[in-house]
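Before any comments, here is the structure.
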Amino acid sequence: MTKPAVDACRPFPPVIAAHLVKLACELPDKAGRSLSLWTCAELARTAIERGVVESISPQSVQRILQSQKLKPWRVHHWLSPKVEMDEAFRATVLEVMALYTRAPAPHEQIWSLDEKTSLQPRTRSAPNLPAQPGNVPLYVEHEYARKGALQLFAAFNTKTGKVFGLLRRRKRQVEFIELLETIEAQAGSEVTQVHLICDNISIHKGKLVRAWLQRHPRFHMRFTPVHCSWMNQVEQWFSILQRKRLTAPNFADLDALEERVHAFIDEWNNHAHPFSWTTKSFDKILAKIKVALVAAA
């Protein structure tokens, strides 16, 4: 039986607990430690070195932090707002929400477009070995050769779930227009409105693209708000592609990679399905906008 730490169950005075909580709420660099994140062991060591307590175990530190629901080793990434959450921002969100949640008319198509960049063959020095009985996992050779990269231009039909994909060496307006031409070619004369949902990167709204859109008046571009790429449904499909096809990559070359990605798209389209988004999908962002508008009033 493992012997428990000497102070595993020993209570500590509130002043010591307060010091530890205060320390955990500081960045380690600000507290004179060259660490990215606090751990219970590092907090215990720092408290002892500062003379806050003569001795304390990491387990006791964890118990103290747990009482405050404090986990300084956890990380959550966020972005400083570059665009105000004003009425224009709200209008853009509502416009995208309407396209996703209403049933398209027979004369409409709605497509979500984006690029998945830097798809690499990562040719391994040995073939992948499949999983075997007895808890033997898939084995992937760690060493690989770099053989360039492809950019995937994809369009996701929000009503049917069908996907169009083009793989190219470069990521420019020219390649993006190729994707638009693919959508144009499949949209029959009965389709009088084609709604495109994209993010705000330059190749989606450059001079060549704007000229193309002027020549194709049934196409209507809708941009998601800045830093709201999660509103682009094709991103959800990209995560499926990454998980099911691009995990543990081991392709002979760029041509093999392109062929296998196209094969995945074909298989997906044989059983395609749309993603179920409702107005509740936008509740969180709309609540934030409401708070921002009230604060600005």
Side-chain angles (χ1 to χ4, degrees), residues 83 85-116 152-166 173 175-201 203-206 208-241 264-287 289-290:
V83 177
M85 287 189 173
D86 54 14
E87 286 292 350
F89 189 100
R90 180 174 180 274
T92 302
V93 173
L94 292 176
E95 186 176 34
V96 174
M97 182 179 74
L99 288 174
Y100 284 157
T101 57
R102 67 172 175 81
H107 66 276
E108 287 182 307
Q109 288 185 356
I110 302 172
W111 294 87
S112 170
L113 285 66
D114 205 0
E115 299 77 41
K116 185 171 178 61
L152 172 60
F153 293 76
F156 179 87
N157 188 303
T158 65
K159 181 179 180 181
T160 67
K162 294 281 187 180
V163 172
F164 290 138
L166 302 174
Q173 292 182 65
E175 288 79 19
F176 182 65
I177 290 173
E178 281 189 69
L179 183 62
L180 298 181
E181 294 282 5
T182 303
I183 298 173
E184 164 72 8
Q186 62 76 47
S189 57
E190 73 281 0
V191 178
T192 59
Q193 288 188 329
V194 181
H195 301 282
L196 307 175
I197 300 172
C198 304
D199 61 23
N200 285 274
I201 65 172
I203 69 167
H204 294 163
K205 53 185 180 181
L208 296 178
V209 172
R210 294 198 307 271
W212 189 93
L213 292 172
Q214 287 180 352
R215 296 193 302 271
H216 299 79
R218 62 176 176 168
F219 280 72
H220 305 277
M221 191 78 81
R222 303 287 187 272
F223 296 108
T224 58
V226 176
H227 296 324
C228 288
S229 60
W230 62 268
M231 289 187 195
N232 208 351
Q233 283 194 8
V234 73
E235 294 286 355
Q236 190 173 344
W237 185 82
F238 282 157
S239 70
I240 296 172
L241 171 68
F264 179 87
I265 293 173
D266 290 340
E267 292 177 14
W268 168 271
N269 286 337
N270 288 336
H271 307 280
H273 61 84
F275 300 134
S276 179
W277 285 40
T278 68
T279 55
K280 289 185 178 180
S281 305
F282 296 85
D283 282 351
K284 187 174 182 180
I285 186 67
L286 289 173
I289 296 171
K290 183 177 180 179

Query - Candidate pair I203 and Q173, rule side-chain contact (heavy atoms from CB on, under 4.5 Å), full reasoning - result: CA-CA 5 Å; I203 69 167; Q173 292 182 65; 4.2 Å; yes

Report summary line: Closest non-hydrogen contact found for N200 with K205 is O-CE, 3.1 Å

Report summary line: To the nearest 0.5 Å, atom NZ of K116 lies from atom CH2 of W237 at 9.5 Å

Query - Non-hydrogen side-chain atoms of M231 and P225 separated by less than 4.5 Å - result: yes

Query raised in the report: How about I240 and F264: do any of their side-chain heavy atoms sit closer than 4.5 Å?
Result: yes

Requested in this report: Heavy atoms only: give me the nearest A154-L179 pair and the separation to one decimal.
Outcome: O-CD2, 3.6 Å

**Report entry** For P274 against T158, the heavy-atom pair lying closest together
**Finding:** CB-O, 3.4 Å

Requested in this report: Quick one: do T92 and T224 satisfy side-chain contact (heavy atoms from CB on, under 4.5 Å)? Show the steps, please.
Outcome: CA-CA 7 Å; T92 302; T224 58; over 6 Å; no

Query - Check: C228 main-chain N/O paired with D199 side-chain donor or acceptor under 3.5 Å - result: no

Query raised in the report: Could you state the interatomic distance from OG1 (T160) to CH2 (W111), rounded to the nearest 0.5 Å?
Result: 6.0 Å

**Report entry** Taking every non-hydrogen atom, the tightest pair across E181 and W212
**Finding:** OE2-NE1, 2.8 Å

Query - Closest approach of S239 to Q236 (non-hydrogen atoms, all atoms of both residues) - result: OG-O, 2.6 Å

Query raised in the report: Out of curiosity, Q233 CD to N157 CG, how far, rounded to the nearest 0.5 Å?
Result: 10.0 Å

Query raised in the report: Taking C-beta and beyond as the side chain, do D114 and H204 meet within less than 4.5 Å on heavy atoms?
Result: yes

Query raised in the report: Is there side-chain contact between L113 and L180, with at least one heavy-atom pair below 4.5 Å?
Result: yes

**Report entry** side-chain contact (heavy atoms from CB on, under 4.5 Å) assessment of E184 paired with R218
**Finding:** CA-CA 10 Å; E184 164 72 8; R218 62 176 176 168; 3.2 Å; yes

Query raised in the report: Do S112 and F275 have side chains that get closer than 4.5 Å, going by heavy atoms?
Result: no

Report task. For residues P104 and I110, report the shortest heavy-atom separation together with the two atoms involved. Result -> CG-CD1, 3.9 Å

Query raised in the report: Can you find a pair of side-chain heavy atoms, one from D283 and one from K280, that are under 4.5 Å apart?
Result: yes

Query raised in the report: So do I183 and L196 actually touch side chain to side chain, heavy atoms under 4.5 Å?
Result: yes

Requested in this report: Check for a donor-acceptor pair, side chain of D86 on one end and backbone N or O of F89 on the other, with a separation under 3.5 Å.
Outcome: yes

**Report entry** Expected output: side-chain R222 to main-chain I197 donor-acceptor under 3.5 Å
**Finding:** no

Query raised in the report: About how many Å separate CD of Q193 and CD of Q109, when rounded to the nearest 0.5 Å?
Result: 11.5 Å

**Report entry** Euclidean distance, F153 CZ relative to T182 OG1, rounded to 0.5 Å
**Finding:** 11.5 Å

**Report entry** Reported CD-to-NE2 distance for the pair E108 and H220, which is rounded to 0.5 angstrom
**Finding:** 8.5 Å

Query - Pair M97-T279, side-chain contact (heavy atoms from CB on, under 4.5 Å): steps then yes or no - result: CA-CA 7 Å; M97 182 179 74; T279 55; 4.1 Å; yes

Requested in this report: Compare all side-chain heavy atoms of F156 with those of F238 and state whether any distance is below 4.5 angstrom.
Outcome: no

